[in-house]
Amino acid sequence: MGKGFDRLSTGLSIYTTGKSYYNIANGDHSVLTYSDATVGTIGLGAKFASYFYGIEIPYVGEAVSIYGTARTIWDVGNLLRPGIAEYEESSKQEGCNICLLPH
C-alpha cells in the first residue's frame, strides 16, 4: 500500500506541476499558479534527490503535503460556494431585501 500510494502521489505531483507550468506558459499569471509550480518543483526535486541520491531534505515533504491539502480545500471551497457576482445577480432578480450584499 505504501509504495503504491507513493507512486500515485509522485505521478500526481508531476501532473499538477506540469499543468501549472502549462498554465503559466498560456497566460495564467496568478499567484496561485506560480505558487503551485514553485511548491511542486521543490517537492519533486526533494523526491528525486531522495530516490536517485538517497538525500533526505527535512520538512520538504511535510510542507508540500500541507500546501497540497490547503490548496485542495481552497479549490473545493471555490467549487462549492456560489460566485459573488452570481449571488448578487440572483438576489437582484429575486428582489431580495434582506441580503447581506449591497445592491
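Computed from a predicted structure; not experimentally measured. For reference, positions follow the sequence shown, starting with 1.
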Path from Trp74 to Leu80 over hydrophobic side-chain contacts below 4.5 Å: no
In one Ile/Leu/Val/Met/Phe/Trp/Tyr side-chain cluster, 4.5 Å: Tyr53, Phe48: yes
Please output the side-chain donor-acceptor pairs of residues 35-46 that fall under 3.5 Å, not counting sequence neighbours, one pair per line with the distance.
unit_1	atom_1	unit_2	atom_2	d
Ser35	OG	Val31	O	3.2
Ser35	OG	Leu32	O	2.9
Ser35	OG	Tyr67	OH	2.8
Asp36	OD1	Tyr67	OH	2.4
Asp36	OD1	Arg71	NE	2.9
Asp36	OD2	Arg71	NE	3.2
Asp36	OD2	Arg71	NH2	2.9
Thr38	OG1	Tyr34	O	2.9
Thr41	OG1	Tyr21	OH	2.7
Thr41	OG1	Ala37	O	2.7

Once you round to the nearest 0.5 Å, how far does OG of Ser20 lie from OH of Tyr15? 10.0 Å
Got a second to check how far Lys19's NZ is from Ile24's CD1, nearest 0.5 Å? 12.0 Å
Does the side chain of Thr33 come under 3.5 Å of the side chain of Asp28 through a donor N or O and an acceptor N or O? yes
Val64/Lys47 under side chain to side chain contact (heavy atoms under 4.5 Å, CB included): CA gap, chis, key distance, verdict: CA-CA 11 Å; Val64 170; Lys47 177 66 102 176; over 6 Å; no
Short question: side chain of Ser9, backbone of Phe5 - any donor-acceptor pair under 3.5 Å? no
